[in-house]
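Note: hydrogens, waters and symmetry copies are ignored here, and every other heavy atom, side chains too, is used. All values derive from a computational prediction rather than experimental measurement.
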Amino acid sequence: MASNGKIKLQGFNNLTKSLSFCIYDVCYAKTAEQKAEYIEYIDEQYNADRLTEILTEVCDIIGANVLNVARQDYDPQGASVTILVAEEPIKDAEDVDQSEKPGPLPDSVVAHLDKSHICVHTYPEAHPDNGICTFRADIEVSTCGVISPLKALNYLIHKLESDIVTIDYRVRGFTRDVDGVKHYIDHDINSIQNFISDDIRDLYSMVDVNVYQENIFHTKMMLNDYDLNNYLFGTTTQDLTGKEVNEITERLFKEMREIFYGRNLPDMAE
């Protein structure tokens, strides 16, 4: 162990750290036309070009060079983007922030990233008859070495503003110190929540499911409060009867709880 508390390695840090999460946006579209308009809207908002811009911003935040970009829009909807990146050349390794700590907000600091990739896939979809529409973005930031992908977490949650987020973080492989001893993780962690900013934690209810001995960490997040008008596409609560407001609220809340718990739930009246 070096005097600065860091492990003195034999060579390059061979640990692979992967952060992957699904973000979900849920809404209600009353008519078939509104549902089609929502799918078209969300598909345009998160097309391959826009996603490339978002991931390129992530690369800028973490100080990474873009090596290659592969992107594709799909018919009838959805998109995929994969960016291969490498750490920017630096003059002094001591200038690199190698600590494991909460990541930057959209207007915050720059870190550095080793050889790695960032990718995203989108999945817009809609219920066939009850008006519920969902949008899912599946994102992965994977790094090799001392730098943590956790620094991208807060930025992406802020940028995409989601109703539900499920996050996985895993450290794989091992690296050796100068004495030849294998190390299967190089930082302290007991929850992904430790790396989420206070303002995000205030907005969401969170649950952890962790396998500490395997360096696998999982956190689920769901918004605490919401205004129904923010979930209505092409209409407002003023256009609905009190009965409709209650029924739509129940449908939306049921959809969100099912996504959060990962299983289908009975209707509240059952």
Side-chain angles (χ1 to χ4, degrees), residues 16-26 42-74 77-86 100 102-106 108 110-111 113-125 134-144 147-172 189 191-197 200-201 203-204 206 208-209 216-223 256 259-260 262:
T16 298
K17 303 170 187 177
S18 295
L19 174 71
S20 60
F21 57 105
C22 286
I23 61 164
Y24 296 88
D25 179 84
V26 182
I42 207 74
D43 202 41
E44 178 62 27
Q45 281 291 103
Y46 295 100
N47 61 27
D49 287 341
R50 171 84 194 291
L51 293 171
T52 300
E53 291 177 4
I54 292 174
L55 297 192
T56 301
E57 287 182 28
V58 171
C59 292
D60 290 339
I61 286 174
I62 59 183
N65 284 319
V66 175
L67 299 179
N68 183 66
V69 178
R71 57 188 175 187
Q72 180 65 54
D73 288 304
Y74 300 108
Q77 64 259 341
S80 298
V81 177
T82 299
I83 299 181
L84 297 180
V85 296
E100 306 290 337
L105 301 182
S108 194
V110 173
L113 184 68
D114 240 38
K115 300 179 185 69
S116 182
H117 70 270
I118 306 172
C119 61
V120 58
H121 308 282
T122 67
Y123 306 90
E125 66 90 45
T134 65
F135 166 74
R136 177 169 73 93
D138 190 2
I139 302 171
E140 179 173 275
V141 182
S142 184
T143 72
C144 208
I147 305 305
S148 172
L150 291 165
K151 290 182 173 64
L153 179 60
N154 288 312
Y155 174 79
L156 287 168
I157 293 176
H158 272 277
K159 190 71 175 178
L160 299 172
E161 297 182 334
S162 302
D163 303 313
I164 299 162
V165 185
T166 61
I167 313 166
D168 294 287
Y169 176 64
R170 182 170 185 179
V171 181
R172 302 192 301 273
I189 179 173
S191 172
I192 296 171
Q193 295 188 42
N194 297 341
F195 301 88
I196 297 176
S197 60
I200 294 177
R201 287 204 300 263
L203 293 175
Y204 290 86
M206 301 186 187
D208 282 353
V209 182
I216 298 173
F217 304 89
H218 178 74
T219 296
K220 301 188 291 186
M221 306 164 51
M222 184 168 68
L223 281 177
M256 293 171 67
I259 294 172
F260 181 75

Does the Asp43 side chain pair with the main chain of Gly78, one donor and one acceptor, at a distance under 3.5 Å? yes
Could you check if a side-chain atom of His117 sits within less than 4.5 angstrom of a side-chain atom of Glu140, using non-hydrogen atoms only? yes
Under the salt bridge (Lys or Arg N to Asp or Glu O under 4.0 Å) test, which residues partner Arg71, sequence neighbours left out? Asp49
Looking only at heavy atoms, the pair that brings Met256 and Met222 closest together is O-SD, 3.7 Å
For Asp73, check salt bridge (Lys or Arg N to Asp or Glu O under 4.0 Å) against everything at least two apart and list the hits. none
Contact check, side chains of Ile192 and Leu153, non-hydrogen atoms, under 4.5 Å: yes
Backbone of Gln45 reached by a side-chain donor or acceptor of Arg50 within 3.5 Å: yes
Could you tell me if the side chain of Asn154 sits less than 4.5 Å from the side chain of Ile196, heavy atoms only? yes
With side chains defined as the heavy atoms from C-beta onward, is the minimum distance between Phe135 and Thr122 less than 4.5 Å? yes
Side-chain donor-acceptor contact under 3.5 Å, Ser162 with Asp25: no
Quick one: does Ile189's side chain get under 4.5 Å of Tyr169's, heavy atoms only? yes
Distance from Leu55 atom CG to Thr82 atom OG1, nearest 0.5 Å? 8.5 Å
Partner set under side-chain hydrogen bond (donor to acceptor under 3.5 Å, both in side chains) for Ser20, not counting sequence neighbours: none
Does a donor on one side chain sit under 3.5 Å from an acceptor on the other, for Ser80 and Tyr74? yes
Here the gap from Met221 atom CE to Asp163 atom CG, rounded to the nearest 0.5 Å, amounts to 11.0 Å
Distance-minimising heavy-atom pair for Ala48 and Val81: O-CG2, 3.6 Å
Measuring from Met206:CE to Ile167:CD1, what's the distance to the nearest 0.5 Å? 7.0 Å
Heavy-atom distance under 4.5 Å between the side chains of Leu160 and Ile54, does that happen here? yes
Can you check whether Val26 reaches Ile259 side chain to side chain, under 4.5 Å on heavy atoms? yes
Quick check for you: to the nearest 0.5 Å, what is the distance between Asn194 atom CG and Arg201 atom CZ? 7.5 Å
Can you tell if the side chain of Asp168 reaches within under 4.5 Å of the side chain of Ile216, non-hydrogen atoms only? no
Interatomic spacing from CZ in Phe260 to CG in Leu223 - rounded to 0.5 Å: 11.0 Å
In short, Tyr123 meets Asp138 closest at the heavy-atom pair CE1-CB, 4.0 Å
To the nearest 0.5 Å, what is the distance between CD on Gln72 and CG on Leu51? 12.5 Å
Between Phe21 and Leu156, is the side-chain contact (heavy atoms from CB on, under 4.5 Å) condition met? List the steps. CA-CA 10 Å; Phe21 57 105; Leu156 287 168; 3.6 Å; yes
